[in-house]
Amino acid sequence: LITATVTAGPLVRTQRLPSGAIQPQIAQAADGTVHLIYYKGKPAGGDLFYMRKTPAENNFSKPIPINATPGSAIAIGTIRGAHLALGHNNRVHVAWMGGEGASTTKIAGTDNTPMLYTRLADDGIRFEPERNLLTFTGRLDGGGSVAADSSGNVYVTWHGAPPSGPDGESERAVYVAHSTDDGKTFRREIRSSPDGTGTCGCCGMGAFADKEGALYLLYRAATQMTNRDEILLVSRNQGTSFKVANQDPWITGMCPMSSASFAQGNGRTFAAWENAGKVNVVAIKQNTAAPMQKLSPPGDAKRKHPALAVNSKGETLVAWTEGTGWEKGGALGWQVFDGEGKAIGEPGSAPGVPIWGLVAAYAQSDGTFVVIF
């Protein structure tokens with residue numbers, strides 16, 4: 001179970017994961033139920049667990065194992081771990097890049113790291129055996145993501161390239177495998193990113209389906225080795241085609257090993273990412289494709305791995321890690337914004353983010369926020 005809560009201010013509380021657990025991911029249902037997954041085990045090959053908590057409950061449920069094959073998940077690099085989404089009837093969907101315990105798949109005669117997917121079984125007390133969704137792409141490096149909507153569409157996304165194709169980040173692309181039957185079956189993956197953008201090999205990405213069924217993808221490009229813009233794509237035809245909704249330039253020769261996150265509330269979809277040590281957030285009004293609001297929490301700390309939550313008042317919590325890096329833990333930071341995008345109070349912080357750690361957040365019925373790490 002989650003350990004004791006630490007009060008961090010009138011609007012935000014922090015909670016720690018069970019001992020040894022890292023990389024929380026949260027999806028919150030419309031009724032306020034919080035769905036949580038986390039990782040435990042060796043960084044190169046560990047296991048995933050799931051818990052949930054309704055608004056009437058004080059504690060999370062007992063953890064349920066997610067992956068059937070031991071050691072088939074991975075935590076190294078922070079950005080390769082599992083993502084989750086809620087679909088039709090709030091069914092839980094989980095996708096992750098395979099760890100050292102996962103079986104590789106042969107594509108073009110080459111062993112390839114799998115992109116794995118599972119969903120909560122009909123009985124709600126176990127997960128189905130995970131499946132590898134790669135059919136012709138490979139060369140996974142940074143992590144993928146998953147999105148789902150109430151109509152039964154499930155999207156598992158990753159970036160890579162056909163093993164028989166040219167090498168290099170400029171040859172990489174974002175791919176999406178689409179299910180129309182709530183994850184029972186998936187179509188062959190299709191390329192979804194624009195030509196010429198490439199993808200940053202060791203960066204993570206995010207995916208999200210809003211209440212209207214729009215699909216968002218957030219990934220880092222890699223052109224000419226130094227152009228590593230964060231690109232937000234949106235599809236309003238179930239992933240058949242995408243348009244660029246926002247592009248945030250960043251000129252750097254390094255791979256930042258960044259991640260991305262989404263949240264929805266106050267009639268908007270929020271997307272967050274890292275740029276040059278800062279966390280940037282864009283809000284897009286539902287049924288439009290143009291950003292209507294951009295914000296970045298104030299401060300000079302080196303920030304990575306953002307997480308988002310929106311409460312019933314339209315306030316937005318932006319949380320992140322500070323000082324984390326390769327085999328290096330750090331601290332948690334956060335800032336709350338009102339519905340107009342103005343900061344409420346000063347940024348908060350707390351120590352103790354472990355190596356390969358992430359943060360996740362959710363809103364409570366009273367309007368306060370909880371950050372888990």
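Since the model is a prediction, treat every value here as computed from it, not as a measurement. Here, residue 1 is the first one in the sequence, and each next residue gets the next number.
More than 12 heavy atoms of other shown residues, nucleotides or ligands fall within 6.0 angstrom of atom CG in Asp366. At most 12 heavy atoms of other shown residues, nucleotides or ligands fall within 6.0 angstrom of atom CD in Gln224. More than 12 heavy atoms of other shown residues, nucleotides or ligands fall within 6.0 angstrom of atom NZ in Lys40. By the 6.0 Å contact criterion, CD on Glu57 is enclosed, its count of non-hydrogen atoms from other residues, nucleotides or ligands being greater than 12.
Taken to the nearest 0.5 Å, the CG atom of Leu133 stands 13.0 Å off from the CZ atom of Arg188. Rounding to the nearest 0.5 Å gives a distance of 10.0 Å between CG of Leu86 and CG of Leu120. In this structure, the separation between CZ on Arg303 and CD on Glu274 is 11.5 Å, given to the nearest 0.5 Å. From Arg220, atom CZ reaches atom NE2 of His159 across 10.5 Å, with rounding to the nearest 0.5 Å.
Using a 30° and 60° split on the angle between ring planes, Tyr175 and Trp158 fall in the parallel class, below 30°. Taking the six-membered ring for Trp and thresholds of 30 and 60 degrees, Phe262 and Phe208 have nearly parallel ring planes, at less than 30 degrees apart. The aromatic rings of Phe186 and Tyr117 stand perpendicular to each other, their planes meeting at an angle above 60°, with 30° marking the opposite boundary.
Residues Phe127 and Tyr50 place their aromatic rings such that the two centres sit under 6.0 Å apart.
A salt bridge links Asp167 to Arg139: at least one charged side-chain nitrogen sits closer than 4.0 Å to a carboxylate oxygen. The pair Arg80-Asp141 meets the salt-bridge criterion, since a charged nitrogen lies less than 4.0 angstrom from a carboxylate oxygen. Ion pairing of Asp111 with Lys106 is present here, as a side-chain N (NZ or NE/NH1/NH2) and a carboxylate O approach within less than 4.0 Å. Salt bridge annotation for Glu169-Arg228: present, with a cationic side-chain nitrogen under 4.0 angstrom from a carboxylate oxygen.
A donor atom on one side chain and an acceptor atom on the other are found under 3.5 Å apart for Thr321 and Thr324. Under 3.5 Å, the side chains of Tyr219 and Thr197 contain a donor-acceptor pair of N or O atoms. Counting only N and O atoms by type, the side chains of Glu189 and Thr135 include a donor and acceptor under 3.5 Å apart. Checking Lys294 against Asn246 by side-chain atom types alone, a donor-acceptor pair falls below 3.5 Å. For the residue pair Thr104/Asn112, the side-chain donor-acceptor check at 3.5 Å is not satisfied. Thr69 and Asn67 are not linked by any side-chain donor-acceptor pair at a separation below 3.5 angstrom, with hydrogens and angles left out of the test. With 3.5 Å as the limit, one finds no donor-acceptor pair spanning the side chains of Arg119 and His93.
Minimum heavy-atom separation, Ala319 to Val371: CB-CG1, 4.2 Å. Leu48 and Ala73 get closest at one heavy-atom pair: CG-CB, 3.7 Å. Minimum heavy-atom separation, Ser72 to Asp47: N-OD1, 4.4 Å. In terms of heavy-atom proximity, Val34 sits nearest to Gln28 at CG2-NE2, 3.9 Å. Scanning all heavy atoms of the two residues, the minimum distance from Ile284 to Ala245 falls at CD1-CB, 3.9 Å. Heavy-atom minimum distance, Leu134 versus Pro114: CD1-CA, 4.0 Å.
Cluster membership for Leu215 and Met115, using ILVMFWY side-chain heavy atoms within less than 4.5 angstrom, is not shared. In terms of hydrophobic clustering, with Ile, Leu, Val, Met, Phe, Trp and Tyr side chains grouped at heavy-atom distances under 4.5 Å, Val353 and Leu317 are assigned to a common cluster. Note on Ile66: it clusters hydrophobically with Tyr39, by side-chain heavy-atom contacts below 4.5 Å among ILVMFWY residues. Under the 4.5 Å side-chain heavy-atom criterion for Ile, Leu, Val, Met, Phe, Trp and Tyr, Val336 and Leu332 are members of the same hydrophobic cluster. If you chain together hydrophobic residues whose side chains sit under 4.5 Å apart, Leu84 and Leu36 never meet in one group.
For the side-chain hydrogen bond (donor to acceptor under 3.5 Å, both in side chains) test with Asn153, the passing option among His88, Gln238, His178 is His178; the others fail. Of the options Ile231, Val282, Leu232, a side-chain contact (heavy atoms from CB on, under 4.5 Å) to Trp273 is made by Val282 and by none of the others.
Gln364 places no side-chain N or O within donor-acceptor distance of the main-chain N or O of Thr368, the cut-off being under 3.5 Å.
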Item to complete: Evaluate the criterion disulfide (SG to SG under 2.5 Å) for residue pair Cys255 and Cys202; output intermediate values, then yes/no.
Response: CA-CA 7 Å; Cys255 176; Cys202 56; 1.9 Å; yes
